[in-house]
2 protein chains.
Amino acid sequence: MERLTKNKAPVATKERILDAAEELFAERGFRETSLRDITSRAGVNLAAVNYHFQSKDALIQAVFARRIGPINDARLAMLDEFEARAGGGAVPLEDVLRAFLEPVVEDEKAVPPSFRRLFGRAYVEPGDLFTKIVQQHFGQARVRFAAALQRALPDEPLVDLLWKVNFTIGAMAHTLAGSPERVRAISGGVVESVDMESAVERLIAFVAAGFRAPSRVRPAGKADA
Amino acid sequence: MERLTKNKAPVATKERILDAAEELFAERGFRETSLRDITSRAGVNLAAVNYHFQSKDALIQAVFARRIGPINDARLAMLDEFEARAGGGAVPLEDVLRAFLEPVVEDEKAVPPSFRRLFGRAYVEPGDLFTKIVQQHFGQARVRFAAALQRALPDEPLVDLLWKVNFTIGAMAHTLAGSPERVRAISGGVVESVDMESAVERLIAFVAAGFRAPSRVRPAGKADA
DNA sequence: GTCTATATGGGGATAGAC
DNA sequence: GTCTATCCCCATATAGAC
């Protein structure tokens with residue numbers, strides 16, 4: 001009975017720390033954000049971080065864990081649906097890519113913009129913590145998608161396929177890490193309004209063509225044209 | 001006369017700081033690397049950093065400045081050569097991409113592996129310092145390459161082109177930031193040996209196909225197939 | 001130009017009262 | 001669960017002797 005009224009906002013504190021951390025990490029980076037920054041934005045006490053989480057590293061992991069589960073669920077659900085629709089046949093390449101990309105890139109309530117930027121940055125961030133995060137959370141869907149890709153492109157050697165997956169992840173990560181501004185920036189001011197909604201369709205079209213292309217420009221001996 | 005014998009290693013110190021900083025930044029990140037780490041690896045005194053450079057931020061900028069000049073020179077020289085060869089006509093898409101990518105991705109004495117990783121990370125790193133670095137150094141070649149791309153793909157609307165450039169930079173950056181390990185990682189241990197030499201040819205082939213593809217999968221109204 | 005020594009600040013984490 | 005106060009470490013940067 002006393003347990004029901006014990007705290008003013010039982011869940012709120014932990015969530016608010018996660019929200020504030022997510023935003024600040026996205027804006028400034030992980031190391032550049034202090035726990036004091038986080039707690040002051042969240043409106044909670046400094047010591048609350050080490051009470052609810054054990055360390056700053058654990059907080060960072062929690063920030064990722066909260067979002068990536070649902071994202072991977074959405075990915076696999078979409079892939080399931082496409083595979084059911086294909087009825088035993090291979091899922092078309094574009095659909096495999098869509099299942100992989102749309103749940104992250106598309107604007108949804110489940111994935112706030114701040115986290116999208118973090119997601120893109122996780123791949124490139126140095127340090128054991130992030131390689132661990134990527135392996136833990138991002139590796140889950142890997143097996144399913146690798147298999148789906150191989151079925152969509154049965155003639156593609158595995159190594160070639162993996163390089164292309166690598167390029168795809170790079171394009172995706174860079175897009176997530178902050179594309180509207182960057183497209184504007186590289187235009188040198190020529191393009192003013194950039195719609196992020198088209199990003200997924202553009203990305204799918206771009207990488208799908210890359211997947212279908214021969215893997216190298218020059219055969220192997222590097223003879224000049 | 002005394003000026004000739006004044007110091008044991010006149011140029012060495014500054015260069016050794018740059019070398020050590022470049023390596024450590026690539027391994028651990030910028031904020032994660034202390035000046036003490038750098039000076040101890042370089043075998044110089046801590047105070048030497050603030051003597052030769054003024055601050056850590058200035059050192060970071062110097063690390064980039066030292067390499068990017070030559071890289072952009074190589075890019076533009078290669079583009080010049082292709083344009084001369086084209087003799088007034090448009091440079092083929094693959095060659096434009098090669099001039100942009102090969103000087104960075106290809107293994108050369110001018111671009112050590114450690115800096116390649118930094119190069120890839122500069123785009124995604126948060127903070128004003130890095131947006132400034134990218135604008136200063138990376139924006140130089142931008143105008144020339146944008147023009148060459150537009151001539152290679154005259155029917156492509158500018159916005160579409162810029163999105164594709166963005167995807168290309170993402171794939172490039174991700175490749176530079178550490179691909180051999182990552183291709184191995186996403187293979188789940190299936191692929192053991194990955195040759196980095198093929199990276200440029202693979203990358204060019206991949207993105208060239210993307211550039212030639214229609215910009216979107218679905219027209220615009222987002223009607224389902 | 002190079003060193004020692006130190007100033008100065010901020011960081012993560014914790015002890016212990018409430 | 002939440003707060004205050006504080007410990008302790010490590011960071012960048014500089015002053016001043018050599």
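Residue numbers start from 1 in every chain, and the chains themselves are labelled A, B, ... in the order their sequence lines are given, proteins ahead of strands. Only a predicted model underlies this, so the values are computations on that prediction, with no experimental measurement involved.
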Nucleic acid contacts - residues 17-31 of chain B versus DNA chain D, non-hydrogen atoms under 4.0 Å: none
Quick one: do Glu201(B) and Arg98(B) make a salt bridge, cutoff under 4.0 Å? yes
Atom pair distance, as rounded to whole Å: CZ in Arg16(A) and C1' in dG1(D): 14 Å
Ala42(A): which residues meet the side-chain contact (heavy atoms from CB on, under 4.5 Å) condition with it, sequence neighbours left out? Arg16(A), Ala20(A), Val44(A)
Under a 4.0 Å N-O cut-off, is there an ion pair linking Asp19(A) with Arg41(A)? no
Using 30° and 60° as the class limits, which term best fits the ring planes of Phe206(B) and Phe211(A): parallel, tilted or perpendicular? perpendicular
In whole angstrom, what separates His52(A)'s NE2 from dC3(D)'s P? 9 Å
Does a side-chain N or O from Ser34(B) land closer than 4.0 Å to OP1 or OP2 of dC10(D), or not? no
For Leu59(A) and dG11(C), give me the distance from atom CG to atom C1', rounded to whole Å. 15 Å
Salt-bridged, Glu125(A) to Arg121(A), with N to O below 4.0 Å? no
Distance in angstrom units between Asn45(A) CG and dT4(D) C1', rounded: 8 Å
Touch class at under 4.0 angstrom, heavy-atom based, for Thr39(A) against every strand present: nothing
dG1(D) OP1/OP2 closer than 4.0 Å to side-chain N/O of Thr13(A): no
Rounded to the nearest Å, what distance is computed from the CD1 atom of residue Ile60(A) to the C1' atom of nucleotide dG12(C)? 12 Å
At under 4.0 Å between heavy atoms, which parts of nucleotides 13-18 of chain D does protein reach? Answer with one letter per nucleotide, 5' to 3': B base, S sugar-phosphate only, - none. BB----
Taking the six-membered ring for Trp, are Phe167(A) and Trp163(A) parallel (under 30°), tilted (30 to 60°) or perpendicular (over 60°)? tilted
Ring pair (Phe, Tyr, Trp, His ring centres under 6.0 Å), that's the test. Do Phe64(A) and Phe115(A) meet it? Break it down for me. CA-CA 8 Å; Phe64(A) 278 94; Phe115(A) 184 74; 5.7 Å; yes
How are the rings of Phe30(B) and Phe25(B) set relative to one another: parallel (under 30°), tilted (30 to 60°) or perpendicular (over 60°)? tilted
Establish, from distance only, whether the side-chain atoms of Asp37(A) and Ser34(A) form a donor-acceptor pair under 3.5 Å. yes
5'-most contact on DNA chain D (nearest-nucleotide basis), Thr33(B) vs Val44(A), goes to Val44(A)
